[in-house]
Amino acid sequence: MSNVFMDTYHRLPVTFANGAGSWLIDVDGRRYLDFTAGIAVNCLGHGNPALVKAIADQAAKFNHVCNYYQSDVSAAFAEKLAAACSPVGMKKVFLGNSGAEANEGACKIARKYSLKKYGSGRHQIVTLRGSFHGRTITTLAATGQDKFHQDFGPFTEGFLYVPGGDIAALDRALDRNTVAGLLIEAIQGESGIVPQTPEYISAAAKFCAERDILLMFDEIQSGVGRTGTFLACESYGVKPDVVTLAKGLSGGLPVGAVLAGEKAAGTLESGDHGSTFGGNPLAAAAGLVVLETVNNPAFLKEIIRKGEKIKTGIDGWRHPRVKEIRGRGLMIGVDITIDVWPVLEKAIARADAKTPGFLILSAGPKTLRSLPPYTISDAEIDQGLEILKEVL
């Protein structure tokens, strides 16, 4: 492993050189069954032929066009993305590079919308305890976890945190005189795969509508089909004002998107926001393949079925070290009675020339997080569960 990287990650001792489908291969030729998908990024697996062809074909044309102009491929991608999100009322798209950038854009939309309509002083953005919205100074401020707030202050001011599930606390926090937006994850990913209840989401939508506060869903990890609907918020029956997306949106290339519904669609004007690489043609070409594949009722139904297969399989073990299983679709958290990191280490250490290793994620000190590619087969699910059971 290279020692020139800054020590920003607690890396496991493996270096990958190749991949195919649900498998990664390290520099020594050992194989690993991947239940991480690059943290929900490689949604169509590794080396997907349609993705490879789309990226190669676009690279043979041009890699980048500055945002003085449009490219045909980025325009097609934006149109298809807006159509995919139209069931929840999305109208306009801004393309960027990452989830943090998308959430920054959402915060800017909320603050400008409120400033133009109500004047200064109404700029606070409410988020939930346990949330994760990114690692820039502003999105760290939006993140409702104290452990991420060490060493980097002062942060962007104007963020207020409330406990998820507490409707009374949310009611008190959403002050129509001081709050511009509510930024919420339908399912919190980084803090343990924690879904919000339908009652809580319904109350949030009601409060925001009554007080003209923008309801904004962070779908960075839960969107693009991960939970079995194209957006996780669809299953709650609400129509947000703003949605943010990234991770799986281009199947492995850097991309982020902010979408706005009718109320907020015209908020940002020329010069208000920008991104040098936003709408990159390679990412857009890959994104078209993802949207054409994933935004399909039969494909989404399979995501739900595979997720239930994983949860049912783990539940059937009645394993003494498994406490609780949560999640929707292929976004699954498993609470265990022991620390997670040694499990991750043992799962890769088992790999040799004949025996595959296994890749799974953490979501807190004692929660395993499973985010496999949507294209994973039933046989691979069975094999992964057998390995995980053995490791536990």
Side-chain angles (χ1 to χ4, degrees), residues 40 84-90 103 106 110 125-133 142 144 160-174 179 181-245 259 261-263 295 297 300-301 303-308 310-312 315 323-335 363-364 367 369-371:
C85 297
S86 63
V88 297
M90 296 299 101
N103 284 332
I125 294 170
V126 175
T127 69
L128 303 191
R129 285 288 176 191
S131 62
F132 183 84
H133 298 295
L160 176 65
Y161 317 118
V162 296
D166 189 334
I167 294 174
L170 184 65
D171 188 9
R172 290 191 297 271
L174 293 177
V179 174
L182 170 65
L183 181 60
I184 187 171
E185 298 161 284
I187 302 179
Q188 292 181 338
E190 296 295 325
S191 60
I193 314 295
V194 181
Q196 304 303 323
T197 66
E199 295 78 14
Y200 189 77
I201 296 295
S202 178
K206 178 176 178 288
F207 296 151
C208 287
E210 290 172 348
R211 302 164 199 185
D212 200 16
I213 292 167
L214 294 192
L215 176 61
M216 307 186 293
F217 274 92
D218 177 341
E219 296 264 5
I220 306 303
Q221 190 168 146
S222 62
V224 197
R226 178 56 59 181
T227 66
T229 50
F230 188 75
L231 299 174
C233 65
E234 286 182 64
S235 64
Y236 290 91
V238 298
K239 291 190 174 183
D241 300 304
V242 176
V243 166
T244 61
L245 291 166
L259 295 102
E262 191 71 43
K263 183 185 288 189
N295 194 31
L300 291 167
K301 188 176 180 180
I303 290 173
I304 294 171
R305 184 189 67 79
K306 290 174 182 178
E308 289 302 313
I310 291 172
K311 289 192 290 185
T312 301
D315 188 55
K323 292 176 62 180
E324 185 180 357
I325 309 163
R326 292 182 302 277
R328 294 196 203 121
L330 289 172
M331 186 176 182
I332 298 166
V334 183
D335 287 347
T367 301
R369 178 171 36 156
S370 173
L371 302 167

Audit row: Arg226, Leu330, side-chain contact (heavy atoms from CB on, under 4.5 Å) steps and yes/no: CA-CA 6 Å; Arg226 178 56 59 181; Leu330 289 172; 3.5 Å; yes
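- Taking the side chain as every heavy atom from C-beta outward, Ile193 and Ile187 approach each other to under 4.5 Å.
- Taking both residues in full, the closest heavy atoms of Gly228 and Ile304 are given as CA-CG1, 3.6 Å, listed atom of the first, atom of the second, then distance.
- Rounded to the nearest 0.5 Å, atoms NZ (Lys311) and OG (Ser370) are 11.0 Å apart.
- Considering all non-hydrogen atoms of both residues, Val162 and Ala173 come closest at CG1-CB, 3.4 Å.
- Shortest non-hydrogen contact noted between Ala363 and Gly189 is CB-O, 3.6 Å.
- How far CG of Leu259 is from CG of Leu231: 8.0 Å, rounded to the nearest 0.5 Å.
- Atom CG of Asp218 sits about 4.0 Å away from atom OG1 of Thr244, to the nearest 0.5 Å.
- Atom CD1 of residue Ile167 and atom CZ of residue Arg172 lie 12.0 Å apart, to the nearest 0.5 angstrom.
- A distance of 4.0 Å separates CG of Asp335 from CZ of Arg326, quoted to the nearest 0.5 Å.
- Ala232 and Arg328 make their closest contact through O-NH1, 4.4 Å (heavy atoms, listed as atom of the first residue, atom of the second, distance).
- With hydrogens and angles disregarded, no donor-acceptor distance shorter than 3.5 Å links the side chain of Gln221 to the backbone of Ala40.
- Contact of the Met331 side chain with the Leu371 side chain is registered, since non-hydrogen atoms from C-beta on lie closer than 4.5 Å.
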Pair Glu185-Leu128, side-chain contact (heavy atoms from CB on, under 4.5 Å): steps then yes or no: CA-CA 8 Å; Glu185 298 161 284; Leu128 303 191; over 6 Å; no
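- When all heavy atoms of Ile220 and Asn103 are compared, the pair lying nearest together is CG1-ND2, 4.0 Å.
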side-chain contact (heavy atoms from CB on, under 4.5 Å) evaluation trace for Phe217 with Val242: CA-CA 6 Å; Phe217 274 92; Val242 176; over 6 Å; no
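- Between Glu308 and Arg305 no salt bridge is recorded (no basic side-chain N to carboxylate O distance below 4.0 Å).
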Intermediate values then yes/no, side-chain contact (heavy atoms from CB on, under 4.5 Å), Leu245 and Cys85: CA-CA 11 Å; Leu245 291 166; Cys85 297; 4.1 Å; yes
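- No donor-acceptor distance shorter than 3.5 angstrom exists from the side chain of Thr127 to the backbone of Leu183, with no hydrogens or angles considered.
- In this structure, Met216 and Ile125 have side chains that are in contact, with non-hydrogen atoms separated by less than 4.5 Å.
- Residues Ser235 and Thr227 form no side-chain contact, since every pair of their non-hydrogen atoms from C-beta on lies 4.5 Å or further apart.
- A distance-only check finds no donor-acceptor pair linking the side chain of Thr367 to the backbone of Gly192 [under 3.5 Å].
- No more than 12 heavy-atom neighbours from other residues, nucleotides or ligands sit within 6.0 angstrom of CD on Glu262.
- Contact between Ala142 and Tyr161 at its shortest, heavy atoms only, is O-CE2, 3.8 Å.
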N/O donor to acceptor pairs below 3.5 angstrom from side-chain atoms of residues 200-210, sequence neighbours left out:
residue	atom	partner	partner atom	Å
Lys206	NZ	Glu210	OE2	2.9

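- Ion pair Arg369/Glu190 flagged as a salt bridge, since at least one NZ, NE, NH1 or NH2 atom sits closer than 4.0 Å to an Asp/Glu carboxylate oxygen.
- For the atom pair Leu160 CG and Leu182 CG, the distance stands at 10.0 Å (nearest 0.5 Å).
- Gln188 has its side chain within reach of Gln196: a pair of non-hydrogen atoms, C-beta onward, lies under 4.5 Å apart.
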